[in-house]
K.L.:
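First, the structure itself, so that you have it in front of you.
Starting from 1, each residue takes its place in the sequence as its number.
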Amino acid sequence: SERLGRIVEEARSEVYLFSPIDFRFTLVNRGARENLGYTMDELRQMTPWDIKPTMPREPFMDFIQPLLTGERAALDFETV
């Protein structure tokens with residue numbers, strides 16, 4: 001578990017994990033935090049649509065619905 005956490009933290013790709021209940025971030029790796037300019041404490045108070053305001057909540061919810069229903073275990077999301 002600790003080793004996996006270090007791998008995620010050091011990954012070149014940005015990694016975002018959020019709660020399926022309130023959609024607040026639970027983990028954002030170092031590369032993503034540095035790119036965004038937020039601390040982990042700040043991100044814990046934010047949701048995906050807070051950091052990507054051009055994607056409103058409803059389209060985002062539609063996109064992640066397969067995760068919430070268990071149809072998919074993971075989704076890739078690319079943005080600029």
K.L.:
Output all residues satisfying side chain to side chain contact (heavy atoms under 4.5 Å, CB included) with Asp76, sequence neighbours left out; order by chain, then residue number.
P.N.:
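Partners of Asp76 under the side chain to side chain contact (heavy atoms under 4.5 Å, CB included) test: none.
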
K.L.:
For the pair Gln45 (side chain) and Glu42 (backbone), establish whether a donor and an acceptor sit closer than 3.5 Å, ignoring hydrogens and angles.
P.N.:
no

K.L.:
Report the C-alpha separation of Phe23 and Arg57 in whole Å, then their side-chain angles, then the decisive distance to 0.1 Å, and conclude whether the side chain to side chain contact (heavy atoms under 4.5 Å, CB included) test is met.
P.N.:
CA-CA 10 Å; Phe23 300 97; Arg57 188 176 196 273; 4.1 Å; yes

K.L.:
Taking side chain to side chain contact (heavy atoms under 4.5 Å, CB included) as the test, write out the residues that go with Ser13, two or more places apart.
P.N.:
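Residues passing side chain to side chain contact (heavy atoms under 4.5 Å, CB included) with Ser13: none at all.
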
K.L.:
Can you sort out the partners of Asp50 under side chain to side chain contact (heavy atoms under 4.5 Å, CB included), two or more places apart, ordered by chain and number?
P.N.:
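Residues passing side chain to side chain contact (heavy atoms under 4.5 Å, CB included) with Asp50: Met46, Thr47.
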
K.L.:
For residues 25-46, pull every pair meeting ring-ring contact (aromatic ring centres under 6.0 Å, His included), keeping only residues two or more places apart or in separate chains.
P.N.:
Tyr16-Phe25

K.L.:
Identify, with sequence neighbours excluded, every residue that meets salt bridge (Lys or Arg N to Asp or Glu O under 4.0 Å) alongside Arg6.
P.N.:
Glu2

K.L.:
Under 3.5 Å, is there a donor-acceptor pair between the Glu14 and Asn29 side chains?
P.N.:
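The criterion, which ignores hydrogens and geometry beyond distance, is not satisfied for Asn29 and Glu14.
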
K.L.:
Can you list everything that forms a salt bridge (Lys or Arg N to Asp or Glu O under 4.0 Å) with Glu34? Sequence neighbours excluded, please.
P.N.:
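Salt bridge (Lys or Arg N to Asp or Glu O under 4.0 Å) check on Glu34 returns Arg30.
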
K.L.:
List, by chain and number, the other hydrophobic cluster members for Val8, where Ile, Leu, Val, Met, Phe, Trp and Tyr join if side-chain heavy atoms come within less than 4.5 Å, directly or indirectly.
P.N.:
Leu4, Val15, Leu17, Leu27

K.L.:
May I have the list of side-chain donor-acceptor pairs in residues 63-73 shorter than 3.5 Å, sequence neighbours left out?
P.N.:
| from | atom 1 | to | atom 2 | distance (Å) |
| --- | --- | --- | --- | --- |
| Thr69 | OG1 | Gln65 | O | 3.3 |
| Thr69 | OG1 | Pro66 | O | 3.3 |
| Thr69 | OG1 | Glu71 | OE2 | 3.1 |
| Arg72 | NH2 | Ala74 | O | 3.2 |

K.L.:
What class does the angle between the rings of Trp49 and Phe60 fall in, given that below 30° is parallel, 30 to 60° is tilted and above 60° is perpendicular?
P.N.:
perpendicular

K.L.:
With sequence neighbours left out, what residues match Asp41 under salt bridge (Lys or Arg N to Asp or Glu O under 4.0 Å)?
P.N.:
Arg44

K.L.:
Listing request: all side-chain hydrogen bond (donor to acceptor under 3.5 Å, both in side chains) pairs with a residue in residues 17-28, at least two apart in sequence or in separate chains.
P.N.:
Ser19-Asp22

K.L.:
With sequence neighbours left out, write down each residue that passes salt bridge (Lys or Arg N to Asp or Glu O under 4.0 Å) with Glu9, or none if nothing qualifies.
P.N.:
Arg33

